[in-house]
Amino acid sequence: MPELPEVETSVQAIQEFADQSLESIEIYNPNLRWKVDSKSFKKLFGLKVNKINRRAKYILLHIEKSQILIHLGMTGTLRIANKKSNFYKKHDHIEFIFQKGKLIFNDPRRFGSMHLIGEPSKHFLLDKLGPEPLSREFDGEYFFQKIKKSLSPIKNALMNQQNVVGIGNIYANEILFDARIRPTRKSKTITKKEHNKIAESAKKILKIAIKAGGTTLKDFYKPDGNKGYFKIDLAVYDRANEKCKNCKKESIIRIIQSQRATFYCRKCQT
DNA sequence: ATCTACTCCTGATTGC
DNA sequence: TGCAATCAGGAGTAGA
């Protein structure tokens, strides 16, 4: 599930480990999207995590001159556990043992990843990423310039991490509904004015979602428990055949775009 | 260079 | 109830 708001929530939830030393790391199953290099992680024993932050949908744990790079994929979750508990959940892959607790990475579908890396901006997973959607760099003018010649649908452009990061299938649908733009529109046909609205909607929707994540943080990240991701009140995603929340007349339709489900209102989104 | 389809994997849900 | 088919929120990669 994790898109930018969920990853941001996770980063906030594990801040207690910033400033703690890694006592050891347990690798139960190194098979993720790329095989985890167990050897390199063993060199980290005894070192301190100085900072934990996010770039796009990646989580970074900074340790002196290297950092642990984590991607949650589709089904990855982090959970905090008490140090004494030995509760193993199915699909637990990696466990970081700190002074005051444990951080466990669980991922049933194994689309997530974990790397030990050097300079983040030079890593192959990060070096082509576009700007953060909540930064000043991302605005209508930027997006217009970036995709004004593109033939691909605006929804694909929004989800393309080289254009702007952090937006996945749910929020792309929600953002375009908020902006009243039809997801199938070719990017090159989007006017500057519409771009301003898209950028505005993107910031608005993501901020609302981050806030919602913050309010449910307590339930989400309890030691030894993980109730799963929060959901904001979605207007179109997974609401096929339901009445549009804007016009209250037309039904939301579901189509497939580039193998992914797209939801929109034919009346409100043009 | 741009764009789309395929692919990795397990689990929940839907349909017969 | 059982079993098979379908679908899932990501994104690198191959190939058109």
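Proteins get letters first, then strands, A, B, ... in listed order; numbering begins at 1 in each. Just so we're clear, the structure is a prediction, and the values are computed from it rather than from any experiment.
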Trainee: For Lys197(A) and Asp178(A): C-alpha separation, side-chain torsions, deciding distance, then whether salt bridge (charged side-chain N to carboxylate O under 4.0 Å, His left out) applies.
Mentor: CA-CA 9 Å; Lys197(A) 185 69 185 77; Asp178(A) 191 76; 3.5 Å; yes
Trainee: Rounded to the nearest angstrom, tell me the gap between atom CG in Leu69(A) and atom P in dA11(C).
Mentor: 12 Å
Trainee: Could you check how far CD of Gln162(A) sits from P of dC3(B), rounded to whole Å?
Mentor: 11 Å
Trainee: Regarding Asp139(A) and Lys203(A), does a basic nitrogen lie under 4.0 Å from an acidic carboxylate oxygen?
Mentor: no
Trainee: Could you tell me which non-hydrogen atom of Met159(A) sits nearest to which non-hydrogen atom of Ala172(A), and how far apart they are?
Mentor: CG-CB, 3.6 Å
Trainee: Under 6.0 Å between ring centres: does that hold for Phe143(A) and His195(A)?
Mentor: yes
Trainee: I'd like to know if Glu6(A) and Lys57(A) make a salt bridge, using a cut-off of under 4.0 Å between side-chain N and carboxylate O.
Mentor: no
Trainee: Quick one: Lys186(A) NZ to dT2(B) C1', roughly how many Å, whole number?
Mentor: 13 Å
Trainee: Separation of Phe263(A) atom CZ from dC7(C) atom P, in whole Å?
Mentor: 11 Å
Trainee: Mind checking whether Trp34(A) and Phe111(A) have ring centres under 6.0 Å apart?
Mentor: no
Trainee: Can a salt bridge be assigned to the pair Arg185(A) and Glu194(A) using a cut-off of 4.0 Å between side-chain N and carboxylate O?
Mentor: yes
Trainee: Base, sugar-phosphate, or nothing: which does Tyr58(A) touch, judged by heavy atoms less than 4.0 Å apart?
Mentor: sugar-phosphate
Trainee: I'd like a list of close polar pairs between nucleotides 14-16 of chain C and the protein, N/O only, cut-off under 3.5 Å.
Mentor:
none

Trainee: Can you pull out the residues from residues 251-262 of chain A that lie within a 4.0 Å heavy-atom distance of DNA chain C?
Mentor: Arg254(A), Arg260(A), Ala261(A)
Trainee: Does this structure show an ion pair linking Glu132(A) with Arg55(A), if we count only N-O contacts that are shorter than 4.0 Å?
Mentor: yes
Trainee: Could you tell me how far apart Arg55(A) (CZ) and dA11(C) (P) are, to the nearest whole angstrom?
Mentor: 12 Å
Trainee: Pick out the pairs of N or O atoms, protein on one side and nucleotides 14-16 of chain B on the other, that lie under 3.5 Å.
Mentor:
none

Trainee: Is the cationic atom of Arg136(A) (NZ for Lys, CZ for Arg) positioned less than 6.0 Å from the six-membered ring centroid of Phe138(A) and within 45 degrees of its normal?
Mentor: no
Trainee: Expected output check: what is the dot-bracket annotation of DNA chain B, where ( ) and [ ] are pairs inside the strand (brackets for crossing ones), | is paired with another strand, and pairs are Watson-Crick or G-U under 3.5 Å?
Mentor: .|||||||.|||||||
Trainee: Please determine if Asp92(A) and Arg79(A) form a salt bridge, counting it only when a charged side-chain N lies under 4.0 Å from a carboxylate O.
Mentor: yes
Trainee: Any sub-3.5 Å donor-acceptor pair from Glu174(A)'s side-chain atoms to Val236(A)'s backbone N or O?
Mentor: yes
Trainee: Without decimals, in angstroms, what is the distance between Met74(A) CE and dA11(C) C1'?
Mentor: 9 Å
Trainee: Check the pair Glu250(A), Lys243(A) against salt bridge (charged side-chain N to carboxylate O under 4.0 Å, His left out), reporting the backbone distance first and the verdict last.
Mentor: CA-CA 6 Å; Glu250(A) 198 79 8; Lys243(A) 289 273 174 283; over 6 Å; no
Trainee: For Arg266(A), is there any backbone N or O sitting under 3.5 Å from a side-chain donor or acceptor partner on Arg182(A)?
Mentor: yes
Trainee: For the backbone of Ala157(A) and the side chain of Asn163(A), can you confirm whether one donor and one acceptor N or O come within less than 3.5 Å of each other?
Mentor: yes
Trainee: Look at Arg239(A) together with Glu242(A) and state whether they make a salt bridge at an N to O cut-off of under 4.0 Å.
Mentor: yes
Trainee: Would you call Asp233(A)-Lys245(A) a salt bridge at under 4.0 Å N-O?
Mentor: yes
Trainee: Tabulate atom names and distances for all N/O pairs under 3.5 angstrom spanning the protein and nucleotides 8-11 of chain B.
Mentor:
from: dC9(B); atom 1: O2; to: Arg109(A); atom 2: NE; distance (Å): 2.8
from: dT10(B); atom 1: OP1; to: Arg110(A); atom 2: NH2; distance (Å): 3.2
from: dT10(B); atom 1: O4'; to: Pro108(A); atom 2: O; distance (Å): 3.4
from: dT10(B); atom 1: O3'; to: His91(A); atom 2: NE2; distance (Å): 2.9
from: dG11(B); atom 1: OP1; to: Lys90(A); atom 2: NZ; distance (Å): 3.2
from: dG11(B); atom 1: OP1; to: His91(A); atom 2: NE2; distance (Å): 2.5

Trainee: What is the distance, rounded to the nearest whole Å, between atom CG of Asn160(A) and atom C1' of dT2(B)?
Mentor: 10 Å
Trainee: Is there a donor-acceptor pair closer than 3.5 Å between any side-chain N or O of Thr75(A) and the backbone N or O of Arg109(A)?
Mentor: yes
Trainee: Would you say Asn241(A) has more than 12 foreign heavy atoms packed within less than 6.0 Å of its CG?
Mentor: no
Trainee: Heavy atom of residues 145-159 of chain A under 4.0 Å from DNA chain B: which residues?
Mentor: Ser150(A), Leu151(A), Ser152(A), Pro153(A), Asn156(A)
Trainee: Is Lys83(A) atom NZ crowded by more than 12 heavy atoms from other residues, nucleotides or ligands, each under 6.0 Å away?
Mentor: yes
Trainee: Take atom NE2 of His115(A) and atom P of dA11(C), then tell me their distance rounded to the nearest Å.
Mentor: 14 Å
